[in-house]
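What follows is a short report on a single structure.
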Amino acid sequence: MESLQLLLDGFAAALTPVNLMYALIGVTLGTLVGVLPGIGPAMTVALLLPITFTVPPASAFIMFAGIYYGGMYGGSTTSILLNTPGESASMITALEGNKMARRGRAAQALATAAIGSFVAGTIATALLVVAAPAVVSFAISFGPEDYFALAVLAFTAVSSVLSRSVVRGLASLGLGLVIGLIGIDQQTGQARLTLGIPQLLDGIDVVIVAVGLFALGESLYVASRLRHAMPEVVPVGRAWMGRSDWGRSWLPWLRGTALGFPFGALPGGGAEIPTFLSYAAEKRLARGVAREEYGKGAIEGVAGPEAANNASAAGTLVPLLTLGLPTSATAAILLAAFQQYGLQPGPQLFDHNPALVWGMIASLFIGNAMLLVLNLPMAPLWARVLRIPRPYLYAGIILFAALGVYAVNGTVVDLFVLYVLGLLGYAMRRFGLPVAPAVIGMILGPMAEIQLRRALAIGAGDASVLVRSPIAVVLLVLALLALLTPLLRKALARRDVETVTPSRNE
């Protein structure tokens, strides 16, 4: 009942005219930028992060929540009409969605994606209301060693899950940890890695890192692979669904939600696994016409994965808001936005800033409704956005990123750092290093260092203090499993190949 009362207070804050305007701006910008190929929700939020310097905290996070969900909606439009997923979680949607579009059923594919996203987002946000207070009450008992173990779990989980190899993920994490070391040591007052540049004594601003590695790096990478020919956009009319489409979609929406939310809430769970599982489950459960249509454009193959994708997005907010633990690239950028306001997500955020947290959660319900109204009738308009010439598009992104970063402190040093980080982000993509671990390392690295020092100080320098707490032991074991699971999976796959090959030769 207490959570319900706090949620009602959140609705009272979110339904003010000013915050409704910011919610509408957020969902519109999120959908607009999310529709563009190669630009996912993480890049969308990163690109608009400099807005935090002029907007009150509650309004900013209501807007970012709208951008977050809007970017997820927009990614499905790109996947269906262009067969170009904006992020890895949208790849499964493209499998059946683009085939539906080429069969003349683009309107139905867009409609089931939009309605499925609304249903999944609404149910998952309701689950967030229930789950968040329970996790907060558990997290209050955390000590310094527990928070350090939690940071280690975040490092290993994100490095192993968001990368094609553990080594590359850890290499990216190392780069982020080094960036996080730049500036004055908070305990000793010594300057670290500043190269004698006074502007770096306070460290590199989180906004500059996020915009440089995500927005600028992604723009340079996509531009380097730019095709001069205009993309082939499948024509689409007004999004609608017939009675048969509704009958075939509602169960996949519910099953996708049930898969997506728990995976999103797990450290390193992400949206890729539940979307794939949803697609596999719907394919296995398909009967009659649906079974024949798989591989040719089955509506269940769009409805389920898209619901799982959006439910996972709401699940991601559980560890982010309650523990300060980002489990996806977009969550890492949202964590950066919190830190810009001097806020640290976790149990104390619910105690000290309840209006901010519950206003943001309430805005998710409002934003979902706005997105449904925006996406269903305006699908043809979003399709026209895809025809923007790519050179103008990415040049505009780079210009906007530079203007936003220059507005932070008004120094040329920030612009120089931005371009260096942009080139680093481009190089990381070029050589297959994921960007999310670097951003998470930069954000959580200083926190992990402080908690480690506190724990060692409490234990008088005895390192065994890090494993005296049962919570810390469980978290460290989970971190070890997250690190070893991909390696064991590869070893087993290699052994299977070696056992099969001799039998074939025989």
Side-chain angles (χ1 to χ4, degrees), residues 134-160 166 169-195 200-204 206 209 266-268 319-327 332 335-336 338-339 342-353 437-485:
V135 178
V136 166
S137 62
F138 167 69
I140 289 174
S141 61
F142 277 29
E145 67 278 7
D146 301 320
Y147 275 109
F148 173 71
L150 187 66
V152 172
L153 174 59
F155 294 153
T156 55
V158 174
S159 299
S160 59
V166 175
L170 292 176
S172 173
L173 174 67
L175 288 173
L177 291 174
V178 170
I179 295 173
L181 288 174
I182 296 173
I184 295 177
D185 184 356
Q186 295 183 14
Q187 291 195 356
T188 65
Q190 295 293 317
R192 301 188 295 193
L193 305 178
T194 58
L195 304 177
L200 296 181
L201 289 174
D202 290 331
I204 299 179
V206 175
V209 176
L266 289 173
L320 175 66
L321 295 176
T322 59
L323 300 173
L325 180 66
T327 59
L335 180 59
F338 274 106
Q339 292 191 343
L343 302 171
Q344 179 60 46
Q348 293 184 351
L349 186 67
F350 280 77
D351 290 337
H352 299 163
N353 301 92
V439 176
I440 291 174
M442 183 266 172
I443 295 171
L444 291 185
M447 183 273 284
E449 180 188 10
I450 291 172
Q451 298 296 345
L452 174 62
R453 286 180 169 183
R454 286 177 181 171
L456 292 175
I458 293 171
D462 184 3
S464 64
V465 71
L466 299 177
V467 291
R468 289 179 188 170
S469 165
I471 297 174
V473 171
V474 171
L475 292 173
L476 290 174
V477 169
L478 290 174
L480 186 62
L481 289 175
L483 198 61
L484 295 180
T485 299

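This chain uses plain numbering: 1 for the first residue, then up along the sequence. Remember, it's a predicted structure, so these values are computed and weren't measured experimentally.
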| request: Carefully, step by step, assess L177 and E449 under the rule side-chain contact (heavy atoms from CB on, under 4.5 Å). | output: CA-CA 10 Å; L177 291 174; E449 180 188 10; over 6 Å; no
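- The two atoms that bring A455 and V465 nearest to each other are O-CG1, 3.4 Å, heavy atoms only.
- Residues L173 and T156 are not in side-chain contact: their nearest non-hydrogen atoms beyond the backbone lie 4.5 Å or more apart.
- Taking each heavy atom of V135 and T322 in turn, the nearest pair found is CG1-OG1, 3.2 Å.
- Nearest heavy atoms, P437 versus G169: CB-O, 3.7 Å.
- Counting all heavy atoms, side chain and backbone alike, D146 lies closest to L475 at O-CD1, 3.6 Å.
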| Steps toward side-chain contact (heavy atoms from CB on, under 4.5 Å) verdict (F350, L321) | CA-CA 8 Å; F350 280 77; L321 295 176; 4.0 Å; yes
| Checking side-chain contact (heavy atoms from CB on, under 4.5 Å) for the pair L335/L320: CA distance, chi angles, key distance, verdict? | CA-CA 7 Å; L335 180 59; L320 175 66; 3.9 Å; yes
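- D462 is linked by a salt bridge (charged side-chain N to carboxylate O under 4.0 Å, His left out) to R468, counting only residues two or more places apart in sequence or in another chain.
- Across every non-hydrogen atom of A151 and A448, the tightest pair is CB-CB, 3.7 Å.
- Between the side chain of T194 and the main chain of L200, no donor-acceptor pair closer than 3.5 Å is present.
- Shown here for E145 and A472, the closest heavy-atom pair between the two residues is O-CB, 3.9 Å.
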| Verdict with reasoning, Y147 to L444, per side-chain contact (heavy atoms from CB on, under 4.5 Å) | CA-CA 10 Å; Y147 275 109; L444 291 185; over 6 Å; no
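- The distance from the CZ atom of F148 to the CG atom of L452 is 4.5 Å, given to the nearest 0.5 Å.
- Atom-to-atom distance recorded for L480:CG and L153:CG is 11.0 Å, nearest 0.5 angstrom.
- Counting non-hydrogen atoms of neighbouring residues, nucleotides and ligands closer than 6.0 angstrom, the CG atom of D185 exceeds 12 such neighbours.
- Applying side chain to side chain contact (heavy atoms under 4.5 Å, CB included) to L193 and the options I204, L181, I179 leaves one that passes, L181.
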